[in-house]
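Note that ligands are numbered from 1 as they come in the structure, with each ligand's atoms numbered from 1 the same way. If you're wondering where the values come from, they're calculated on a predicted model, not measured in any experiment. The figures that follow rest on heavy atoms only: side chains count, while hydrogens, waters and symmetry mates do not.
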Amino acid sequence: MYNNRNNISQYKLIIFTAFFFVVFDNIAFFNNVTNVYNFSDINIIYVSSLAVVLTTFIILLFSLFASKYTTKPILIISLLISSSTNYFMNNYNIVVDSDMIRNTLQTNFSESMDLLSFKLIIYVIFLGILPSFLIYKTKIDYGKSITKELLVRMKIIFTSVVIILIILFSFSKFYTSFFRENKPLRFYTNPTYWIYHVGKYIGETYTTNDTTIKKIAIDAKILNQNTKSKLVIVVVGEAARANKFSLNGYNKETNPLLKQENIVNFSNLYSCGTSTAESVPCMFSIYPRDDYNYKKGRYTQNILDVLDRTNDIEILWRDNNSDSKGVAVRVNYEDYKSSDKNTICDDECRDEGMLVGLDNFIKSTKKKNILIVLHQMGNHGPAYYKRYPKEFEKFTPVCKTNQLEECTKDEINNAYDNAILYTDYFLSKTINFLKNYTDNYETSMIYMSDHGESLGEHGIYLHGLPYFMAPDNQKHIASIFWSNDISNIIDKKDNQYSHDYLFHTLLNLFNVKTNVYNKNLDILNKKD
Ligand SMILES: [Zn+2]
């Protein structure tokens, strides 16, 4: 007779793994919980009950999908992913939601290498690979009959649900507060929250049969063809927050060059999202932030399509970031991240390389007007010290690791500020490039960062927190405007604006008439 007394059932394995998750992968969660609910008196019971609910919920979740072919792979994949989400949650206080997943999947190799650290590898080995190996080696007794197996599963699911319900009802006051008033706390649970958002991401991204791009502004055309040609450069910045520009009152001089130019500094401009993948498509879309979502952005034409439709505007997108996030897929696009195209590369390719050869492009165009979009590497974190050539290292000492928590606040800020200093140089160089064309063109430059950045304030780093809970630093962005003539808008520099304004402001800049134009979302609109 075959004897498998040493083997364990798959449910025992699930229960062990659930305990492992709660003890090792939910440190950020329990830290955040005990920040809100002091770990003393009655709260000790509440917080302990949370640990029981979480463990039971994880058991319930994995039991639902348990089978001979799924249990081990699901547990192993969950452990591997959670070991790294755990690292980023503990060290940067980030949240892994569907926007973060999209952002991660759209990240290129060199950006991922920026995040790689010794500590991360330790997390992955000890909390991911080692326990996965143990699971892989565990011999499992899957039971002899399907009916028996189903019965055990029903018992576990039923018991789990009963335990959860009893706890929720016994401490209903605490759980009402936990779920309603402190909603963000559960964002830090591992692996439940990211698993939920993987589902959400798939729903948002793939569950559409209709992949045709909805046309908008089909009536778009340029008015007054006999006016001067327009040459506009839009610079999409990266992770530059407003209060790090000395133009906005920052006490370190981070805008020594821009302050000498005749610019309009928008001191009160907010981003659409808190990540590149969210903000970039949103800022070029017709939908205001309230009404925007990933699908609408993906399957609706954007301002580049509308301007292109006039047949009188040459459009070029140059990218030194990851890519255009789907915005420039139907227009002229050039990748400036590698030295194949970019002629200014040292440790990495520099933003100013995107200006090289633009003269030829402008000369060669047959169309009357020109729009150039430059997507910067800017202040992409956490390795801020890599984002500028050495001669811009004005603020020292500098944090020279991507493990920000190992640096002092000053070192992090210095590295970040040096990268801002390089953006100041890049933007002033762009303005001076445009000045060469003021005889033949009405020239202007719009600069908007895609989102802001947290630099360790309240233990939060980087960006990408859900918008409603993100600190102002991740949403209040640096933005400036330069043109031959700024007299019309200089008074409006402190008005409250957002990414919502880019679409309609560009229509105005190119004198495009269409019935989708909204003058209330046009920064240049004279009548307000
Ligand atoms: Zn970004």
- Item | Lys183, NZ: over 12 other non-hydrogen atoms inside 6.0 angstrom | no
- Excluding sequence neighbours, so at least two apart, what forms salt bridge (Lys or Arg N to Asp or Glu O under 4.0 Å) with Lys386? Asp114
- Measure the acute angle between the ring planes of Tyr193 and Tyr196, then classify it against the limits of 30° and 60° as parallel, tilted or perpendicular. tilted
- Is the distance between the ring centroids of Tyr292 and Tyr287 less than 6.0 Å? no
- Query: Under 2.8 Å from the Zn ion (ligand 1), how many protein N/O/S atoms can be counted?
  - Reply: 5
- Query: Which salt bridge (charged side-chain N to carboxylate O under 4.0 Å, His left out) pairs, counting each pair once, include a residue from residues 414-423, with sequence neighbours left out?
  - Reply: Lys244-Asp417, Lys252-Asp417
- Message: Enumerate the disulfide (SG to SG under 2.5 Å) contacts for residues 393-438, please, sequence neighbours excluded, ordered by first and then second residue.
- Response: Cys399-Cys407
